[in-house]
Amino acid sequence: MTNQEIIIAFLLTMVAGLSTGIGSLIAFFAKRTNTRFLSAALGLSAGVMIYVSFMELMPESLHLFSEQHAPKLANVYMLLAFFSGIGLIALIDRLVPEDENPHEMHLEDSDLPKKSLKRTGIMMALAIGIHNFPEGLATFASALTSLDIALPIVLAIAIHNIPEGIAVSVPIYHATGSRRKAFWYSFLSGMAEPVGALVGVLFLLPFWTPALNAWLLAFVSGIMIYISFDELLPGTERYGHHHLGVLGVVLGMAVMAISLLLL
């Protein structure tokens, strides 16, 4: 693994995290959020993550485990890693209070008192930061595995970070009247993703082995599957365009399948 590969993986994680800032800019300058686009985009993100998890990351993890263990034991290790990823992100969800949980967010908070709005925005930023940390690790790990796999994942995470940026910036902006403060809270919540990648560099790379790579691929799959079913797909329903969300899921899977066949 070269320094160039590590730098590229880190930069891709940074791009995914920066998209929360895009969400805050949309909130400031768009007169009305395009909910049809958001529903389709969230569905597309889910389709990419689900497809790449089940069709690329988990099979690759199983292949690596199979080189070191008997087939049944390799399957056991892969599944343990997969459900560990789900367990981690589910635990984080459990520890974050429901009112501040980005998976329970509501964008229409302008009727709340300003003091309450500011607290909502700050707590939302903290909660999203906590959720973004394992996403950063997931992006980083996928980029080290293959850029063909990582680029669609970066795009998918970036798209789903945009409404999170809106969710942070809207209450902060209405409470303070400051676009700058709203933007920076949103921006900083997204920077938890490169922090997750940095943890990967500092604590995982020194011990990088095929076994660790296999475990991490399945672990990352669990994180992405949970995000898809707990956040992205419900998000398409939240914006009220079910069929556009489903179309986005199918399109995301198709684009991922075709791109992997061609590359």
Side-chain angles (χ1 to χ4, degrees), residues 1 6 9-10 12-13 16-17 45-98 101-104 127-146 149-150 152-154 156-157 160-161 164 192-234 256:
M1 190 178 304
I6 295 171
F10 186 80
L12 287 173
T13 308
S45 297
V48 166
M49 287 190 179
I50 293 168
Y51 186 91
V52 78
S53 293
F54 286 134
M55 300 299 290
E56 291 292 325
L57 299 185
M58 292 178 69
E60 178 64 17
S61 171
L62 183 60
H63 171 72
L64 291 173
F65 276 128
S66 297
E67 291 181 342
Q68 306 167 59
H69 305 285
K72 183 173 287 188
L73 190 58
N75 271 284
V76 169
Y77 284 145
M78 186 272 289
L79 291 172
L80 282 175
F82 173 73
F83 286 107
S84 294
I86 291 178
L88 173 66
I89 195 74
L91 178 63
I92 291 173
D93 245 6
R94 179 73 175 173
L95 294 177
V96 176
E98 184 173 315
N101 193 322
H103 297 177
E104 310 291 342
I128 288 174
I130 292 169
H131 280 82
N132 282 349
F133 183 86
E135 289 179 17
L137 182 59
T139 306
F140 182 75
S142 65
L144 288 180
T145 303
S146 167
I149 294 174
I153 291 174
V154 169
I157 291 179
H160 108 260
N161 280 350
E164 290 185 353
E193 296 208 4
V195 170
L198 187 60
V199 168
V201 172
L202 295 177
F203 295 102
L204 294 180
L205 285 185
F207 309 100
W208 198 268
T209 63
L212 176 60
N213 189 27
W215 184 86
L216 198 57
L217 289 175
F219 183 81
V220 163
S221 299
I223 291 175
M224 293 200 298
I225 291 298
Y226 186 93
I227 290 170
S228 297
F229 285 104
D230 186 65
E231 181 174 356
L232 300 181
L233 295 178
M256 193 69 231

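Along the sequence shown, residues carry numbers from 1.
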- Item | Interatomic spacing from CG in Leu217 to CG in Leu62 - rounded to 0.5 Å | 11.5 Å
- Message: Test of understanding: with side chain to side chain donor-acceptor pair (under 3.5 Å), list the residues that count as partners of His69, not counting sequence neighbours.
- Response: none
- Residue pair Ser61 / Ala218: nearest heavy atoms and the distance that separates them: OG-CB, 3.5 Å
- Gap between atom CZ of Phe82 and atom CG of Leu57 - 0.5 Å precision: 10.5 Å
- Task: Could you tell me which non-hydrogen atom of Phe10 sits nearest to which non-hydrogen atom of Pro194, and how far apart they are?
- Result: CE1-O, 3.4 Å
- For the student: nearest non-hydrogen atoms of Glu193 and Thr13, plus distance: O-CG2, 3.3 Å
- Query: Which heavy atom in Ala143 sits nearest to a heavy atom in Leu12, and how many Å separate them?
  - Reply: CB-CD1, 4.1 Å
- Task: Please identify each residue that fulfils ring pair (Phe, Tyr, Trp, His ring centres under 6.0 Å) with Phe65, with sequence neighbours left out.
- Result: Tyr77
- Answer whether the closest heavy-atom distance between the side chains of Gln68 and Pro210 falls below 4.5 Å. yes
- Task: Mind checking side chain to side chain contact (heavy atoms under 4.5 Å, CB included) for Val76 and listing every partner two or more places apart, or none if nothing turns up?
- Result: Leu80
- Note on the structure: Scanning both residues in full, the closest heavy-atom pair of Ile86 with Tyr226 reads CG2-CD1, 3.9 Å
- Can you name the side chain to side chain contact (heavy atoms under 4.5 Å, CB included) partners of Leu79, sequence neighbours left out? Phe83
- Item | Ile223: partners by side chain to side chain contact (heavy atoms under 4.5 Å, CB included), with sequence neighbours left out | Pro134, Phe219, Ile227
- Item | Counterpart residues, side chain to side chain contact (heavy atoms under 4.5 Å, CB included), relative to Ser53 (two or more places apart) | Ser221, Met224, Ile225
- Query: Taking C-beta and beyond as the side chain, do Phe229 and Ile50 meet within less than 4.5 Å on heavy atoms?
  - Reply: yes
